[in-house]
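I have placed the structure first, in the form of structure tokens, so that the comments after it can refer back to it.
Please read all numbers here as calculations on a predicted model, not as lab measurements.
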Amino acid sequence: MVVANQLVPTVYVTRHMHKAAGDDPMLSDEGMAEAQRLAAALRNKGVAVIFVTATRRSRQSGEPLAAVTGAPIEVYDPKNTAALVTRIAAIPGSVLVVGHSNTVPELVVAFGGPAIGPMAETDYGRLFAIRRVDGATVESRP
């Protein structure tokens with residue numbers, strides 16, 4: 001999203017990519033490939049910080065983007081959306097927030113996007129882009 005040759009600050013929200021089975025699972029091979037595609041899709045979007053939960057699958061979903069952009073990864077509490085909104089409001093550039101099926105709908109609304117309804121347990125990789133200037137939202141898959 002470019003306006004007058006400048007990137008529009010955007011909050012990108014996604015659910016972690018495909019996971020393996022087990023407690024606090026890692027990403028599956030498919031999920032690792034999806035995380036690479038996410039990094040390719042966002043590499044030139046001005047992402048200044050990547051926010052992840054304390055789970056391995058969330059962190060692994062954001063790590064490829066961090067590797068190509070140098071953006072730091074910060075852990076957030078998915079039970080405290082208000083604190084995350086406040087923290088992100090202080091960041092002038094774009095950010096990526098990696099959430100979970102039960103948190104992404106709330107996150108999209110909290111950042112000014114539309115209600116998207118519940119996500120299925122098998123719904124990985126949906127990417128929402130909420131422009132911080134006017135709240136316009138675009139959904140895609142990386």
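- When side chains are defined from C-beta on, Val104 counts as touching Ile116, because their heavy atoms get closer than 4.5 Å.
- Under a hydrophobic clustering in which Ile, Leu, Val, Met, Phe, Trp and Tyr are joined whenever their side-chain heavy atoms come within less than 4.5 Å, directly or via other members, Val109 and Val11 fall into different clusters.
- Going from atom CG of Asn102 over to atom CZ of Arg15 covers 8.5 Å, rounded to the nearest 0.5 Å.
- Side-chain contact of His100 with Ser58: a donor-acceptor pair under 3.5 Å is absent, judged by distance alone.
- Ring pair Tyr124/His18 is tilted by interplanar angle, where 30° to 60° counts as tilted.
- When all heavy atoms of Arg126 and Thr14 are compared, the closest pair comes out as O-OG1, 2.8 Å.
- Taking CD1 from Ile130 and OG1 from Thr10, the interatomic distance works out to 8.5 Å, rounded to the nearest 0.5 Å.
- Partner Val13 forms a side-chain contact (heavy atoms from CB on, under 4.5 Å) with one of Thr103, Val108, Leu96 and no other, that one being Val108.
- Between Lys19 and Glu121, at least one side-chain N (NZ, or NE/NH1/NH2) sits under 4.0 Å from a carboxylate O, which counts as a salt bridge.
- Residues forming a side chain to side chain contact (heavy atoms under 4.5 Å, CB included) with Arg56 (at least two apart in sequence, or on another chain): Asp24, Met26.
- Contact annotation: the side chain of Leu107 approaches that of Tyr76 to within less than 4.5 Å [non-hydrogen atoms, C-beta and beyond].
- Not counting sequence neighbours, Arg43 has no partner by the salt bridge (charged side-chain N to carboxylate O under 4.0 Å, His left out) test.
- Met17 contributes atom CE, which lies 6.5 Å from atom CD of Glu34 (distance to the nearest 0.5 angstrom).
- Residues Ile73 and Glu63 meet the side-chain proximity criterion, which asks for heavy atoms closer than 4.5 Å.
- For the pair Thr81 and Phe111, the minimum side-chain heavy-atom distance is 4.5 Å or more.
- Here the side chains of Ser61 and Leu27 are in contact, with some heavy-atom distance below 4.5 Å.
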